[in-house]
Amino acid sequence: MIVKRHIEKDLKRLQALYTDSIAGPDADIPIYFSKLAVLELAGWIEDAFDLIAARAVKHRVKSTKFDKLAKSTIKRNHGFAYDGNFLTMMAGLIGLPECEQLEQYLDSDGSLSILTSELDAIVNQRRVAAHVALAHTTVGFDSPSVSLGRLAKIHPIARDIYSWFC
């Protein structure tokens, strides 16, 4: 099951800390909370995709050899970009025809467009958050409330994908 209560609680706490620190003397403090919110959300998405992948192969793989291979494939995935990570991982686990069916299902109500758009935005923010030091930079980061908004859009789609693999 794709649960959001823990990440939602963490993001709300980061938003409160961000808000409290805006009026403070150190202008970098709110940026740290923004960066942390992006990194936390990215980690949650990676975990959610791993849960989806594990569920997708749960009753399809019977032998220990292929169960180990599936777990290894999931473990080797280190990202959450839709095409480059999620779809590639799923294609290796369940095959291209089933991935195509999943995309058609998601595209039927616009979920695919929402998911890819939100993931692209988070991938870009995460890349910057993980690789840019605050000193001598003018890079801006979204407030934790933006990460909360993205969670609200992604969670129902992730939950729906998880349920699709029953």
Are the side chains of R159 and W164 in contact, using a 4.5 Å heavy-atom criterion? no
So CG of L14 and OG of S21: to nearest 0.5 Å the spacing works out to 10.0 Å
Carboxylate-amine/guanidinium contact R60 E98, below 4.0 Å: yes
Nearest-0.5 Å distance, CE of residue M90 to CG of residue N77: 10.5 Å
In terms of hydrophobic clustering (I, L, V, M, F, W, Y; side-chain heavy atoms under 4.5 Å; direct or indirect links), are I22 and Y32 co-clustered? yes
Do the two ring centres, one from F86 and one from F49, sit under 6.0 Å apart? yes
Stepwise side chain to side chain contact (heavy atoms under 4.5 Å, CB included) test for W44 and I154: CA-CA 11 Å; W44 177 85; I154 293 170; 4.2 Å; yes
K65 NZ to L69 CG distance, which is reported to the nearest 0.5 Å: 8.5 Å
Could you go through the side chain to side chain contact (heavy atoms under 4.5 Å, CB included) check for R126 and H131 one step at a time? CA-CA 8 Å; R126 188 243 170 247; H131 298 287; 4.0 Å; yes
Atom pair CD1/CD1 of I74 and I52 - distance to nearest 0.5 Å: 11.0 Å
Do L115 and K153 come close enough that some side-chain heavy atom pair is under 4.5 Å? no
Judged by atom type as modelled, is there a donor-acceptor pair below 3.5 Å linking the side chain of N124 to the main-chain atoms of D120? yes
Under the criterion side chain to side chain contact (heavy atoms under 4.5 Å, CB included), I'd like the reasoning laid out for C99 against L87: C-alpha separation, chi angles, the key distance, then a yes or no. CA-CA 7 Å; C99 284; L87 196 58; 4.0 Å; yes
Do the charged groups of K62 and D67 touch, with an N to O distance under 4.0 Å? no
Distance-only, no hydrogens or angles: does the T116 side chain make a donor-acceptor pair with backbone N or O of S113 under 3.5 Å? yes
Can V61 be reached from L51 by stepping across I, L, V, M, F, W or Y side chains whose heavy atoms are under 4.5 Å apart? yes
In the single-linkage hydrophobic clustering (I, L, V, M, F, W, Y; side-chain heavy atoms under 4.5 Å), do V146 and L36 co-cluster? no
Is the NZ atom of K4 crowded by more than 12 outside heavy atoms at less than 6.0 Å? yes
Kindly determine whether K75 and D50 satisfy salt bridge (Lys or Arg N to Asp or Glu O under 4.0 Å), including the steps that lead there. CA-CA 8 Å; K75 187 176 181 177; D50 289 352; over 6 Å; no
Could you tell me whether a side-chain N or O of S111 sits under 3.5 Å from a main-chain N or O of I157, the two making a donor and an acceptor? no
Would a distance-only check, ignoring hydrogens and angles, find a side-chain to backbone donor-acceptor pair under 3.5 Å from R55 to F165? yes
Ignoring hydrogens and geometry beyond distance, is a side-chain donor-acceptor pair present between Y105 and D160 at under 3.5 Å? yes
Drop me the distance from K12's NZ to I7's CD1, to the nearest 0.5 angstrom. 12.0 Å
Any luck finding a side-chain donor-acceptor pair between S72 and R76 under 3.5 Å? yes
Using only heavy-atom distances, determine whether the side chains of T19 and Q15 contain a donor-acceptor pair under 3.5 Å. yes
In the structure I gave you, are the side-chain heavy atoms of L17 and F33 within less than 4.5 Å of one another anywhere? yes
Look up atom CE in M89 and atom CD1 in I94, then write down how far apart they are to the nearest 0.5 Å. 9.5 Å
Please answer: with hydrophobic residues joined when any side-chain heavy atoms are less than 4.5 Å apart, are I45 and I161 in the same cluster? yes
Would you indicate whether the side-chain heavy atoms of L41 and I122 approach each other to under 4.5 Å? yes
Begin from the C-alpha positions of F80 and N85 and carry the test side chain to side chain contact (heavy atoms under 4.5 Å, CB included) through to its verdict. CA-CA 5 Å; F80 58 94; N85 297 105; 5.6 Å; no
Do I2 and L11 sit in one hydrophobic cluster, given that two such residues count as connected whenever their side-chain heavy atoms are within less than 4.5 Å of each other, even indirectly? yes
Grab the two heavy atoms, one from S143 and one from S145, that are nearest each other, plus how far apart they are. OG-OG, 2.6 Å
